[in-house]
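The chains referred to below are lettered A, B, ... by the order of the sequence lines, with proteins before strands, and numbering in each begins at 1.
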There are 2 protein chains.
Amino acid sequence: MTQQDKTNRASWKQNPEAVQANILAVATEEFAEHGLAGARMDEIAARTRTSKRMIYYYFTDKETLYQRVLENAYRKVRMEEAALELASLSPPDALRRLVEFTFDHHCANEVFIRLVMIENIHKAKHLSGSELIAHVNASAIDSLAQICDRGRAKGSLRADISPLELHWQISALCFFNVSNRFTFGKNFGPELFEASGQQRLRTIIADTILTFMTATATD
Amino acid sequence: MTQQDKTNRASWKQNPEAVQANILAVATEEFAEHGLAGARMDEIAARTRTSKRMIYYYFTDKETLYQRVLENAYRKVRMEEAALELASLSPPDALRRLVEFTFDHHCANEVFIRLVMIENIHKAKHLSGSELIAHVNASAIDSLAQICDRGRAKGSLRADISPLELHWQISALCFFNVSNRFTFGKNFGPELFEASGQQRLRTIIADTILTFMTATATD
DNA sequence: ATAATTATGTACCAGACAGTTAAATCTTGA
DNA sequence: TCAAGATTTAACTGTCTGGTACATAATTAT
């Protein structure tokens, strides 16, 4: 090693958090794009401002990195969702707003949707039951439960559907809209996924949920 | 092909069709389980009654094999769906029956669902617009269109939702039920995916679609 | 029969890829 | 200032994996 070599090296500031955040951001894109098996550590490293060594330094191995990516994605998305304020609206209005918000939010977070799809392929093996995740998930159901409770009290929403079941329905419709647009579009045409089709689906989904939840129970 | 040929063929020790079918069956399981990148050609070969050499002999390479698996899966599933007979039922009854059939069918074909998920991760790049696939897809919409037409004539189903939009909704609810059970179950508990929960979801989905389609248009 | 064609099995390879080594450079704190 | 620890780089390793070369058997055509 010569003197020349040493001076060629640029000087740097230590910034562990930024390095880790950078790795996580790049890895998120890469895993969302190619899946766990399809993603390449070399490719992630190349697109990072740091080196492959540092990925292993901070994240141990590929699977751990993937796990951290997944956890991080869930945290960010659930936080955003929890920020929605619904208490001031009437139960039906709050429900419609929640559905439309969920629709828009899923559309705007394809990366997250893809990570969830990928994790389902892996049978949710890597999805930790972390304290934080469990908490934000519970609060998602909770805010729906509040709408349901208020609706039941007023008689404006049917009471025989649990908040969990309602959440499941909303998720299904909004998730599928993003997750399956490629095969659905190729099989049945792209209309539904162009701007006007999406507008219509958004309304149809909200109407479907609202019509169902404001109907009287049949039994 | 002569009589002689046929009898000879029946007694052949070599059996290309069976070999190909065997490869395709094993590959279907393997790709559905691990995805395109995650599946291992050596593993597929090992579980086959033949050798790796034969996979490449008949299917050229991994991607082509995957494509054939996908095409095959679509063909089989769509054929089954098309066998459903609905003309004798009233439009609402036919619709309910179709929804429940779709729900059951998706539940019983997790391998297919997983292949579709995987293909969506690949942005439907490998999904051919083959003559046959296009035809059975069109006929799926067609049978719904017939229900819708009859319902409109009788006034028993609303007319402002297209068969395509209706199909989209039914697909979304039934597909998500299988595709996302792992992450949903881990996040919100397994109740909905146990026997009684599934029974309830099945009814809820059908009720949701029926309630929506028998409601009068709001505008 | 026998050449031509189709089908099959064995052994192997070249490149890819996750993960590592070792040393150098930088920061921090006493 | 300087030792100790943190951070970074480049080259390396061993294994995995998609794909193939070569040999051979089964079947058909002449």
## Note on the structure
Axis-to-axis angle for the helix from C:dA1-D:dT30 to C:dA30-D:dT1, ends of five pairs each, to 10°, equals 10°
### Query
Which is true for B:Ala45 with a 4.0 Å heavy-atom rule: it touches a base, it touches only sugar-phosphate, or it touches nothing?
nothing
### Query
Between B:Ile118 and B:Phe31, what is the shortest heavy-atom contact and its length?
CD1-O, 3.2 Å
## Note on the structure
From OH of A:Tyr66 across to P of C:dC17 the rounded distance in Å is 19 Å
### Task
Using only side-chain N and O atoms of A:Ser51, determine if any of them is under 4.0 Å from OP1 or OP2 of D:dA10.
no
### Query
Are A:Gln67 and A:Phe59 side-chain neighbours, meaning at least one heavy-atom pair lies under 4.5 Å?
no
### Message
Main chain of A:Leu173, side chain of A:Asn177: is a donor-acceptor contact present, judged purely on distance under 3.5 Å?
### Response
no
### Task
Only counting residues at least two apart or in another chain, list the ones meeting ring-ring contact (aromatic ring centres under 6.0 Å, His included) with B:Phe188.
A:His167, B:Phe184
#### Entry: Test item: side-chain donor near acceptor, A:Ser139 and A:Asp142, under 3.5 Å
no
### Query
How long is the span from the OH atom in B:Tyr66 to the NE2 atom in B:His122, to the nearest 0.5 Å?
5.0 Å
### Message
Under 4.0 Å, counting only non-hydrogen atoms across every strand here, what does A:Met41 touch: a base, just sugar-phosphate, or nothing?
### Response
sugar-phosphate
### Task
Scan A:Ala39 against the nucleic acid and name what it touches under 4.0 Å (heavy atoms): base, sugar-phosphate only, or nothing.
sugar-phosphate
#### Entry: DNA chain C contacts made by residues 55-63 of chain B, counting heavy atoms under 4.0 Å
B:Tyr57, B:Tyr58
### Message
I need the B:His105 NE2 to B:Glu80 CD distance, nearest 0.5 Å.
### Response
3.5 Å
### Task
Rounded to the nearest 0.5 Å, what's the gap from CG on B:Leu127 to CG on B:Leu70? Could you check?
5.5 Å
### Message
Any heavy-atom pair between the side chains of B:Thr183 and B:Asn180 that's under 4.5 Å?
### Response
yes
### A:Leu36 or B:Met54, whichever maps to the more 5' nucleotide of DNA chain C
B:Met54
### Task
Mind listing the residues from residues 19-26 of chain B sitting with a heavy atom below 4.0 Å of DNA chain C? Number order is fine.
B:Val19
### Summary
A:Ser51 meets the side-chain hydrogen bond (donor to acceptor under 3.5 Å, both in side chains) criterion, sequence neighbours left out, with none
#### Entry: Nearest-0.5 Å distance, CD1 of residue A:Ile204 to CD of residue A:Gln198
11.0 Å
### Query
Is A:Glu165 reaching over with its side chain to a backbone N or O of A:Ser162, donor-acceptor style, under 3.5 angstrom?
yes
### Query
With the sugar-phosphate defined as primed atoms, P, OP1 and OP2, and the base as all remaining atoms, what B/S/- string results for nucleotides 11-16 of chain C, 5' to 3', for protein heavy atoms under 4.0 Å?
------
### Task
Answer yes or no: is there an ion pair linking B:Arg40 with B:Glu30, defined by an N-O contact shorter than 4.0 Å?
no
